[in-house]
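One structure is given below, encoded as structure tokens.
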Amino acid sequence: MAPKVSDSVEQLRAAGNQNFRNGQYGEASALYERALRLLQARGSADPEEESVLYSNRAACYLKDGNCTDCIKDCTSALALVPFSIKPLLRRASAYEALEKYPLAYVDYKTVLQIDNSVASALEGINRITRALMDSLGPEWRLKLPPIPVVPVSAQKRWNSMPSENHKETAKNKSKETTTAKSRVPSAGDVERARVLKEEGNELVKKGNHKKAIEKYSESLLCSSLESATYSNRALCHLVLKQYKEAVKDCTEALKLDGKNVKAFYRRAQAYKALKDYKSSLADISSLLQIEPRNGPAQKLRQEVNQNMN
């Protein structure tokens, strides 16, 4: 049973923050809601506190994949304190998940006007730029909404904020690049990963394997728990004769799903190309234990045996 929380805005927010850190996003959202109601009932203007509560609740919505309500709360937070980095980033992520790429681009770009070292905004701009080029063509910049000019006062406010805000920003890059595999992806992350994987699949159908690799890689940054994404990227590596990379991706796929037949088959193909016939046969044998009548695997086994003789 959850402990009772005293009805003070500060205590409610602190309790919400603790629940958020524990991954209890629904409970955290409810506490931020109580704090907002209490703050608004007081009738005393505290726009910064109110903005933080909206932004924090937006983070809960984003984690739960509720992008629409996330956008609403971020917009409320920004109406109270314009050019705040956290609600801008959260709204950009929600827009991106909903494939509203022009709006996501504007928010990421606004963040970079305030602080051009925010890693998540830099990576977001790179992803969105590619998506806009694909969807809108070479004239995509002409089709964007206007990007607001950030006043110097907003930049100064960010620079004067407590150091913990800047520490969090500085950690973004290492978190996203070195611990992506260890973190638990949110519902929003999983949805973005799914969309990017599907875009990769479409590119494969069109024969554009290089760009497909980029899409699969972006998908894996959002969520590295999908075995098929690794085995799909391995297929692209095979086509491009990047056999060692194919082996690595198939190995990752099999760590997630030990019965991924495509991963066994593609790794066997890669080992064959690398002339590691023993490893190739071992993978074919594992595959045939799962699907004894798999014709392509039986044919590949014959080819490998011929190469060994």
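Hydrogens, waters and symmetry mates play no part in the numbers below; they use all other heavy atoms, side chains included.
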Should side-chain heavy atoms under 4.5 Å link Ile, Leu, Val, Met, Phe, Trp and Tyr, which residues sit in the same cluster as Y271?
-> L238, Y243, V247, L274
Would you mind listing the cluster partners of Y95? Hydrophobic ones only (ILVMFWY), side-chain contacts under 4.5 Å, chaining allowed.
->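 Members alongside Y95: I71, L98, L103.
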Of all residues at least two apart in sequence or in a different chain, which pass the salt bridge (charged side-chain N to carboxylate O under 4.0 Å, His left out) check with E49?
->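 Scan of E49 (salt bridge (charged side-chain N to carboxylate O under 4.0 Å, His left out), adjacent residues dropped) gives R13.
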Taking only residues two or more places apart in sequence, or in another chain, which ones meet F20 in a ring-ring contact (aromatic ring centres under 6.0 Å, His included)?
-> Y25
Who are the ring-ring contact (aromatic ring centres under 6.0 Å, His included) partners of Y61, not counting sequence neighbours?
->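 ring-ring contact (aromatic ring centres under 6.0 Å, His included) list for Y61, sorted by chain: empty.
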E303, CD atom: more than 12 neighbouring heavy atoms under 6.0 Å = yes
Over 12 foreign heavy atoms within 6.0 Å of NZ, K275 =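 Check fails, neighbour count at 12 or below.
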Are any of the side-chain heavy atoms of [X] and [Y] separated by less than 4.5 Å?
X	Y	value
M133	R130	no
L300	L287	no
S153	F83	no
L254	R267	yes
N17	Y32	yes

Looking at [X] and [Y], does any basic side-chain N land under 4.0 Å from a carboxylate oxygen?
X	Y	result
E252	K255	yes
E218	R127	no
E245	K248	no
R37	E33	yes

[atom1]-[atom2] distance between [X] and [Y], expressed to the nearest 0.5 angstrom:
X	Y	atom1	atom2	answer
E99	C67	CD	SG	11.0 Å
H209	L240	NE2	CG	7.0 Å
L31	Q11	CG	CD	11.5 Å
L78	L88	CG	CG	4.5 Å
L144	W140	CG	CH2	5.5 Å
R91	E96	CZ	CD	14.5 Å

Using only atom types and a distance under 3.5 Å, with no angle test, would you say the side chain of [X] pairs donor to acceptor with the backbone of [Y]?
X	Y	value
E123	V118	no
K211	L203	no
Q40	E50	no
R266	S231	yes
S279	D276	no
S285	L281	no

List the atom of [X], the atom of [Y], and the distance in Å for their closest heavy-atom pair.
X	Y	value
C250	A234	SG-CB, 3.5 Å
I290	G258	CD1-O, 4.2 Å
A35	V9	O-CG2, 3.9 Å
Y277	K272	CE2-O, 3.7 Å
L288	A297	CD2-CB, 3.9 Å
L62	S93	CD2-CB, 3.8 Å

State yes or no: do [X] and [Y] share one hydrophobic cluster built from I, L, V, M, F, W and Y residues joined by side-chain heavy-atom distances below 4.5 Å, directly or via other members?
X	Y	answer
L221	I213	no
V150	I85	yes
I128	V106	yes
V52	L80	no
F264	Y230	no

Are a donor atom and an acceptor atom from the side chains of Y105 and R141 found within less than 3.5 Å of each other?
-> yes
Between the side chains of N260 and Y265, does any donor sit under 3.5 Å from an acceptor?
-> no
For side chain to side chain contact (heavy atoms under 4.5 Å, CB included), just list the numbers for K197 and R194, CA-CA rounded to whole Å, side-chain angles, deciding distance to a tenth of an Å, and then say yes or no.
-> CA-CA 5 Å; K197 185 183 81 168; R194 184 193 66 77; 5.6 Å; no
Test side chain to side chain contact (heavy atoms under 4.5 Å, CB included) applied to N232 and V204, step by step | CA-CA 9 Å; N232 288 2; V204 168; over 6 Å; no
I147 and T110: CA distance, side-chain angles, deciding distance, side chain to side chain contact (heavy atoms under 4.5 Å, CB included) verdict = CA-CA 7 Å; I147 298 171; T110 303; 4.3 Å; yes
Can R21 and Q18 be said to form a side-chain hydrogen bond (donor to acceptor under 3.5 Å, both in side chains), step by step?
-> CA-CA 5 Å; R21 285 191 288 270; Q18 185 59 52; 3.1 Å; yes
Taking only residues two or more places apart in sequence or in another chain, which ones pass side chain to side chain donor-acceptor pair (under 3.5 Å) with S55?
->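 By the side chain to side chain donor-acceptor pair (under 3.5 Å) rule, S55 matches R90.
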Would you check, one step at a time, whether the test side-chain hydrogen bond (donor to acceptor under 3.5 Å, both in side chains) holds for Y216 with N201?
-> CA-CA 9 Å; Y216 292 137; N201 293 347; 2.6 Å; yes
What's the verdict on side chain to side chain contact (heavy atoms under 4.5 Å, CB included) for N22 and E27, showing C-alpha distance, side-chain angles and the deciding distance?
-> CA-CA 10 Å; N22 293 339; E27 292 86 343; over 6 Å; no
